[in-house]
Amino acid sequence: MEEYQHPLFFEAKELTDREKEKVRRHFQKKRDSGGGDCGMIEKVGDNIFKICFKEKEDQERVLQRKFHTISLPSGELHLTVSRTNSPKTPKPFDQPSTSYSQTFKKENTKGLEKIFKTDVFLLYYLRDNPKAFKVLEKQLSAISCKVELDFDEEEAVVRGDVEKGPGGAFGSAAESWELQVDKVFIGLTESYVCYHVVDPKLGKILLQELSFVTDNIKVYKEDGYAVVVGEVQAVKERIAILEKRLPTRKELPLEEKQFKLVEEEFSREMCAHFPEVKILRGNVNLIILEGPDKEVQLGVTKFEELLKKIKEKRVKLSTTLMTFMTSSGVISKYQTRFQHSLRNAVALEVGSDLLLSSLSSDALDEAEAAVLRELSEVTVQLQGAAALPPDLDKVKEVLIKAKNEANLRERRVDVSFISVTSGAAMTKVQLIGYSENVNKLREVLQDYQMNQVSTQEVLNLPNPDMIDSFDKILGLIGMKPTEVTLKALHFPYPCVLVSGPHCLVQETKRGLISTLASLTSDTLVLDGPGAQHYFQREGKVSKELVESSCHVLITAQQGVQSRNVNTRSQSISNPGPSSVTPPLSMSRQRFSSVGSMAVNKTNLEIKLGSLVDEQVNVLVVPILNRKLTATKIGKCLLSKAGNTLKSKFESVAANCTLCPGDVLQVDGPPSLSCSKIFFIECLPWDGVRGQSVQALGNGLKRCLDLCVQQGLSSVAFPVIGPGVVLKYPLREAIQALTENIRQFGSSAPSGSLATIRIVIKPDYPDSEECYHDVYGQLSLNMNQGGQAIFRSLTTDLEEVTITVGGGVKLQLVFGDITNEITDAVVNTTDFTNFSDDGVCKDILTVAGPDVEAELKAAKVNRGDVLVSQSGSFPCDAILHVCGERDAGLIEQLVCRIIDHCETFGFESVAIPAICAGVGGLDPGVVAGAIFRGVKAATSSTPLYSLTKIRLVLIKINVFLAFKEEAMQMFATAVINRAPVHQFSQAPQQQPPLSMNADLSIVRTISTSHQSIFQFLGLSREDVDDAMIKLNNLYEAQCSTQTLKKAELEGITQDDMNDLTQLVETLGLYMQMNQGDLMVSGLKDGVGQVTQMINAFQHDCLRRQMRVREEEDLYGRVAWCILGHNGNWERFPKTATYDLEINDIARGIVDAQAIQWTVDRQRMEATRPLSGHTAKLKRLENLPDFTPPLYWDNMAKDKNLMVVALQPSSVEYQTVKEAFKRTVPKTVMKIERLQNVHLRRAYEVQKKHISDKNGQTHGAGEKLLYHGTTQDNCDSIMKTGFNRRFAGQNATAYGLGTYFAVHASYSAHPTYSKPAMDGTQLMFVARVLTGIYTQGRSDMKVPPPLSDQQPHERYDSVVDKMDNPNMYVVFHDNQAYPDYLITFK
């Protein structure tokens, strides 16, 4: 920078940024370096650095000291500063430097003053040496001056009085005075020197030598060095004496093996000639010589001469022998031996060769001879049977036993076996080790090969099929046992391996060849595989009797395709051949179970992220006026896909006409993970009844239909509309998207579309609100009429459970900690501010004033956990902590929280993201700290009480950060996600087949394989006799049965499948002939088929009766199960019937085809495999009223019931989260209002409005808010909202009942008047807004829809048509008080 214009240079090694900053701070401190304000350090050349000062005086003071010592983490740094960029490195003892002084003259009317910038150590010297100071004073006194020493400013101030001359006081007399003062100070600086001693050793001697300091010589200690001040000649003499006392120290690098070779000789020479030199060992590869300089240098020369005398010799050995020497300890053994037993020490080193080193050639020769003599390697080739198992195994056993005996005390020999694959099989044995032991093992091997080897030969069979029954063939021919082993082999081809002594093997082989060639064989073919089944089971004994009586062997062969059997399906109306139809197991999917509907196989997903990063078949993107970049999503898409997408989009758009709601299809470019992009032409928001909503709905529907038509399996939607371009209200945009998804799921089959994904950006201000609304709407849409219309609903914010140390479950939960019901709850606070928004305020509001008072009175040290009473909070205790924005402290606090839970016997604890909210710490840092604390606490000591740790996270970005950190830190742990709706393919009950059914879909079953038997005997006569007997046995067991067409009525598809499976299992024929079913085969099998048909007919009658009973019960009773999303789902008719009559031993199946076991006493259902449980409830319908599924059961004579919701329930959390989006106050309780009369009237009105408006507008049911007081509350709960009380608060938009879109409006004290204890009341109401228009204060009823139809009126009015905040209704039954919220 231009303000730093006074440079200095110094030389140093490479400096890190941190070291540069340390050096800069040194030069900034005037006390340390004489410097001042300076710039950054710059590198200007090899090891040359520059620093510039703002003031010239600062530069001069630094230059005056010249030498600077700075302490760095790597050691002390000694610098010499210079005006030029080529500074010289200082010697250990620098030359004396003359003290520098710079003068400044100050003139005034009373006298003269001059300032001399002087080395501070010279000032110290004048202070401490009275004699020298008096001399200076005397010299200045002679010219009428006085001197004052300023140690802080490092200057001497001279003042004097001069009479005014002819030219005035500031003329020639002043100049003369200044010259005289300069002369005095020049003499001072020439007489004395400040000598900086930078060598640490010299400085240490200097400070320890007390006699060095005299009256005329002073020593001052500075940081890292010493300064000697005195008369020039005296200082030089003393420094020269001091330098002579420094010993010389020389470090000699070397290799350890070299030192061992010369150590003895070198020590002897040094003791004899240079006894004053010490020999010190540094690290392994260093020795140090210390002593007089001359003798040290001579010692170095002697050492180098000895190293040059070392001789080397390379000995060529095999790699395997070198390996043995290295691994068996031979090298160390020889090292020890050659170090002392030879005339000179010899070192060994193993590399590519064995390297010997020594000072003596004779010693090298002796060592080489010893190695070659005592170690050897031998390879022996095994031949014949000895090279193959089992003889090879015996060879190995013998050699390994001999080796183990030799190596009993030390490793003496190694044995290895080498297989040679090229050519004939061959094995080599390699013996390596001490020659004595190698020779002994070679003798053992040669003895075995000569005396104990056996042989093997292969016998080829005349018929390869004989291999499977070779043992029985040996019995048939009467083969006697001998020393020869016969082994049947399938690989590499069917043969027999003959093994044993060589002479016996040849004899046995010749005898077998002759006998096998004389046998007779033949084949018997019987229709259908039933013959094989029979003779393998019931007829097995009969077959064995034929074998023994006829002296034959009968084996069943694999069947072949029969040419006489029709393998294609037959049509009843057309007996001729037709195309093959799918098997019955596939056709079964055409039917639905009784009382249920087909389940759509589409999965719903909510993803948090960017739409452009999704990996799906289709991305859906909004556009405006055919412009790709009109919306933010379009811009992001173009940014990632580039010009390729732009050109494709423009090409397609140029060739078509787009109207609002039309969809433009563009192929996805390679840079995006999709195959297609659907662009919806949208309109900006123009109201609920405007064209924008209709256009968006048409576009969304068109996208889903296109996915089905084109066979696409996945599609990703953003929430289209709430941006700055289209300006939809968030709720209206979500309503449009979720409603079209619901209609898609409930209307037509989803085809190939398996996944519909909604993508929400997690970092927007309204992301949480958007997520909750989308999730809530989709949860409501999962079922329709008590039946599931989607397979599952999953989200990135599902609860994650991790099994950590000791089996403790660590759960990540996206939610509000005030909804937790764990044994202990953790509150994060600074113990000072309790009213700031955040976790602390929410918890204390629920807990009550007593807990807050206890917290205010407490004195808590850093890192402590304060345990308080729980007050009104539904837990046993509250643990208060302060993380102080310190990750290390948070980790310690988590450990202590877990320790406290163990101490108090708590089984569960809920912990927030400590310091990640108001505290401001990065969520990832907090997650890492908490996870480390959990890991440490759960793995260090066993936990006997605590089994569950819940981390409750209220913000999306915090939850995602914790989830990402968990996946990394617990990568090997057992991680489970919360269960979701998943529909399995459970068996479905089938409707009966009628006479009018198309029986051509039933495949004609005719067994298409034959039973083949192979006969092998000693003569032709035996074989023929056996074949006749076996055929007669089978024919005697067969029969045929024909089932008439009338007998097949009522048989279901499942029945037909079971029948088909039985026929195939028993090996029977089954053919359709003009509606009749003919079954042929073994008698027992045909009888089983007949019995099954009779049982089917009885089952049909029972099913018809059951269907009528289920229908009747389903209209009177509703059995429900609490789904994962918190919604009650109605069981189908069959499950309802089983639950009502308590026929639940085999479990029940819900509307999603999920199997459950039921405990009616506890009203609880359990999934058998996962163990997941769900609550059950039973509702009774009134003759004229069906209560909503989320109501609790009510007595028949009871019309009103107020149900307090549990804070842990999804229903409570859903209502609370919607309330808290706009109201920061704390919810005390939420009650559900069940008023039969009011709800009955409301449902009638809902149907009336829905029928009137049609499907386009419908009833427009919305959940809105209405503030109230305690006085009005009871009246509303009992009689509903009464428009006659209109005007109590406001009538700006008509004389009706007012409802707010946002809870914050109704929470105002004007509408929700606080009670004495500060609590307020607010209704969450279901309101039928229908078709609405702008309201006016004079309206008593809504205005007509048109002048032509004055009796057809709007259903409600609003405060503004564009994104209404207030709805007003004029019919009492048009709103129902659903929930009552008490808050504070």
Please list all pairs passing the side-chain hydrogen bond (donor to acceptor under 3.5 Å, both in side chains) test where one or both residues lie in residues 1077-1095, with sequence neighbours left out.
T1040-S1080

Measuring from S714:OG to I756:CD1, what's the distance to the nearest 0.5 Å?
10.5 Å

Let me see the working for L1122 and E1129 under side chain to side chain contact (heavy atoms under 4.5 Å, CB included), right down to the final yes or no.
CA-CA 6 Å; L1122 186 61; E1129 301 167 6; over 6 Å; no

Could you please spell out the steps behind the ring-ring contact (aromatic ring centres under 6.0 Å, His included) verdict for F535 and F1013?
CA-CA 10 Å; F535 288 118; F1013 297 92; 5.7 Å; yes

Under the ring pair (Phe, Tyr, Trp, His ring centres under 6.0 Å) test, residues paired with F1015 that sit two or more places apart
none

d(T738 OG1, Q777 CD) to nearest 0.5 Å is 4.5 Å

Residues R1167, I1154; criterion side chain to side chain contact (heavy atoms under 4.5 Å, CB included); working and verdict
CA-CA 8 Å; R1167 292 187 66 173; I1154 298 175; 3.4 Å; yes

For W1191, give me all partners under side chain to side chain donor-acceptor pair (under 3.5 Å), at least two apart in sequence or on another chain.
none

Check whether F790 forms a cation-pi arrangement with R742 (NZ or CZ under 6.0 Å from the six-membered ring centre, at most 45° off the ring normal).
no

Taking the basic N atoms (NZ, or NE/NH1/NH2) and the acidic carboxylate oxygens, is any pair closer than 4.0 Å for D1138 and K1133?
no

Any donor-acceptor pair under 3.5 Å from S713 side chain to L753 backbone:
no

What residues, two or more places apart in sequence or in another chain, satisfy salt bridge (Lys or Arg N to Asp or Glu O under 4.0 Å) together with R1162?
E1164

I'd like to know if the side chain of E1110 and the backbone of A1135 have a donor-acceptor N/O pair within less than 3.5 Å.
no

Side chain to side chain contact (heavy atoms under 4.5 Å, CB included) for V1117 and L1179? Distances and angles first, verdict last.
CA-CA 6 Å; V1117 175; L1179 299 174; over 6 Å; no

Mind checking what makes salt bridge (Lys or Arg N to Asp or Glu O under 4.0 Å) contact with D471, not counting sequence neighbours?
none

Between W1156 and H1172, how do the two ring planes meet: parallel, tilted or perpendicular, split at 30° and 60°?
tilted

Y1190: ring pair (Phe, Tyr, Trp, His ring centres under 6.0 Å) partners, not counting sequence neighbours
none

According to salt bridge (Lys or Arg N to Asp or Glu O under 4.0 Å), who are the partners of D1022, at least two apart in sequence or on a separate chain?
none

Do R1116 and N1181 have side chains that approach each other closer than 4.5 Å (heavy atoms only, starting at C-beta)?
no

Residues in side chain to side chain donor-acceptor pair (under 3.5 Å) with N740, at least two apart?
none

Chi angles and distances behind the side chain to side chain contact (heavy atoms under 4.5 Å, CB included) call for T755, V715
CA-CA 6 Å; T755 302; V715 59; over 6 Å; no

Kindly write out the residues that satisfy side chain to side chain donor-acceptor pair (under 3.5 Å) with D1143, not counting sequence neighbours, or none if the list is empty.
none

Determine, for K1029 against D1025, whether the closest basic-nitrogen to carboxylate-oxygen distance falls under 4.0 angstrom.
yes

Should M1027 and V1023 count as side-chain neighbours, where that means a heavy-atom distance under 4.5 Å?
yes

So, using side chain to side chain donor-acceptor pair (under 3.5 Å) as the criterion, who are the partners of Y534 when residues are at least two apart?
none

Residues passing the salt bridge (Lys or Arg N to Asp or Glu O under 4.0 Å) test with R1178, sequence neighbours excluded, are E1140, E1180

W1119 six-ring face occupied by K1177 cation (under 6.0 Å, within 45°):
no

Close side-chain approach of K607 and I758, heavy atoms under 4.5 Å
no

Can you tell if the side chain of L1062 reaches within under 4.5 Å of the side chain of V1089, non-hydrogen atoms only?
yes

Hey, can you pull the donor-acceptor pairs under 3.5 Å for the side chains in residues 703-711, sequence neighbours left out?
residue	atom	partner	partner atom	Å
D705	OD2	K701	NZ	3.0
Q710	NE2	Q665	OE1	2.7

Under a 4.5 Å cut-off applied to non-hydrogen side-chain atoms, are I606 and T794 in contact?
no

Would you say N603 and S792 are linked by a side-chain donor-acceptor pair, where the criterion is simply a distance under 3.5 Å?
yes

